[in-house]
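Presented below is the structure to which this report refers.
Start at 1 with the first residue, then count along the sequence. Because the structure is predicted, anything quoted here is derived from the model rather than measured.
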Amino acid sequence: MARLIRDLATPAAVPLNYREVGATARDVLPGGYHHLHHTVRVGRGRDAFESAGAAVTTWRMHRASGARVRSRAVRAEPGAFVEVSVGAGPVRLGAPCEVIWTAYERDRIGFAYGTRAGHPESGEESFVVDLHPDGTVWFTVLAFSRPAAWYTRLAGPLVPALQRAYARRLGRTLERVVAGRATG
């Protein structure tokens with residue numbers, strides 16, 4: 001089962017900007033948010049599973065997809081602060097997050113991060129790799145979010161479409177990582 005930790009005693013910690021902390025680790029996502037669920041097969045076998053799990057939890061998948069990731073943590077651990085940014089050159093949109101839960105299990109590896117104050121959205125997103133009994137390796141992005149900034153409110157339905165496109169891009173990137181064709 002996923003470890004769920006929230007360190008409220010961290011001095012100078014920027015708070016999360018939503019209440020439903022850990023909801024991506026449960027079966028039912030909270031109402032009042034846009035929901036995203038994207039699953040793709042990324043490989044087959046234990047080696048593919050371990051390669052995909054390492055790429056997800058060490059930020060390699062995000063980086064190989066073109067995102068910039070800043071974190072002192074080498075791999076996802078509850079309480080780790082992460083800033084993911086996308087854009088080109090000096091025009092980048094930063095998104096401060098905190099790792100909420102992790103799963104380092106025999107047939108399941110992944111994590112979720114929650115949005116912190118200053119993030120353009122409010123909610124949580126998980127990135128999980130599963131090894132199924134038939135040997136197939138699946139990657140799932142599960143998220144709930146809603147606008148937290150004026151510009152994401154103004155963008156309206158464009159934001160969920162961009163989130164779906166990014167989830168698909170992560171899946172394609174992870175397929176390439178597993179096949180040994182991606183760097184990052």
Side-chain angles (χ1 to χ4, degrees), residues 1-5 24-25 29 35-115 119 121 123-145 159-184:
M1 184 62 190
R3 285 190 338 206
L4 175 63
I5 296 178
T24 56
L29 295 179
H35 294 169
L36 170 67
H37 187 185
H38 177 72
T39 301
V40 62
R41 182 180 163 183
V42 296
R44 181 170 194 79
R46 174 77 43 198
D47 288 344
F49 167 72
E50 290 176 4
S51 176
V56 167
T57 59
T58 62
W59 327 120
R60 180 176 176 207
M61 174 191 65
H62 283 81
R63 288 182 174 122
S65 293
R68 184 177 295 163
V69 179
R70 293 185 329 147
S71 180
R72 290 183 184 164
V74 175
R75 74 177 200 161
E77 291 295 342
F81 302 114
V82 182
E83 183 180 83
V84 179
S85 62
V86 294
V91 181
R92 300 192 77 77
L93 177 63
C97 301
E98 180 178 334
V99 176
I100 301 301
W101 60 260
T102 58
Y104 290 101
E105 301 167 10
R106 176 167 164 64
D107 296 330
R108 183 172 188 256
I109 298 173
F111 74 96
Y113 52 47
T115 58
H119 194 293
E121 290 283 299
E124 194 171 288
E125 189 167 24
S126 67
F127 311 92
V128 176
V129 178
D130 289 295
L131 177 60
H132 287 204
D134 68 357
T136 57
V137 179
W138 294 86
F139 170 63
T140 300
V141 178
L142 182 65
F144 62 94
S145 63
V159 174
L162 291 171
Q163 290 170 327
R164 283 191 304 278
Y166 185 62
R168 287 192 302 271
R169 180 181 180 109
L170 290 175
R172 287 190 305 272
T173 298
L174 197 54
E175 286 179 274
R176 288 193 310 273
V177 166
V178 168
R181 300 186 316 260
T183 59

So CD1 of Ile100 and OH of Tyr113: to nearest 0.5 Å the spacing works out to 11.5 Å

Calculate, to the nearest 0.5 Å, the distance between atoms NE2 and CZ belonging to His38 and Arg164 respectively. 11.5 Å

Where do Ala73 and Trp59 come nearest, in terms of heavy atoms and distance? O-NE1, 3.0 Å

Does the Arg108 side chain pair with the main chain of Val128, one donor and one acceptor, at a distance under 3.5 Å? no

Phe49 side chain reached by His132 side chain, heavy atoms, under 4.5 Å: no

Measuring from atom CD of Glu50 to atom CG of Leu131, what distance do you get when rounded to the nearest 0.5 angstrom? 9.0 Å

I need the minimum non-hydrogen distance between Ser65 and Arg169, along with the two atoms involved. O-NE, 2.5 Å

So do the side chains of Glu125 and Thr24 get within less than 4.5 Å of each other, counting heavy atoms only? no

Aromatic ring pairing Phe111/Phe127, orientation class (parallel under 30°, perpendicular over 60°, tilted between): tilted

Where do Glu175 and Arg41 come nearest, in terms of heavy atoms and distance? OE2-O, 3.6 Å

Work out which heavy atom in Leu29 is nearest to a heavy atom in Ala143; give both atom names and the distance. CD1-O, 3.6 Å

So CZ of Arg46 and OG of Ser51: to nearest 0.5 Å the spacing works out to 13.0 Å

Are Thr102 and Thr57 close enough that some pair of their side-chain heavy atoms sits under 4.5 Å apart? no

Should Ile109 and Val56 count as side-chain neighbours, where that means a heavy-atom distance under 4.5 Å? no

Once rounded to the nearest 0.5 Å, what's the spacing between atom NE2 of His62 and atom OG1 of Thr173? 10.0 Å

Validation row: Val129, Leu174 side chains within 4.5 angstrom (heavy atoms): yes

What is the minimum heavy-atom distance between Val42 and Ala52, and which atoms define it? CG2-CB, 4.4 Å

Return the OG to CD distance between Ser145 and Glu124, rounded to the nearest 0.5 Å. 11.0 Å

Between Arg176 and Ala64 the two heavy atoms that sit nearest each other are NH2-O, 4.4 Å

With distance as the sole test, does Arg44 use its side chain to make a donor-acceptor pair with the main-chain N or O of Asp134 at under 3.5 Å? yes

Show your working on side-chain hydrogen bond (donor to acceptor under 3.5 Å, both in side chains) between Thr140 and Trp138 and close with a plain yes or no. CA-CA 7 Å; Thr140 300; Trp138 294 86; over 6 Å; no

Classify the side-chain pair Ser126/Trp101 by whether it contains a donor and acceptor separated by less than 3.5 Å. no

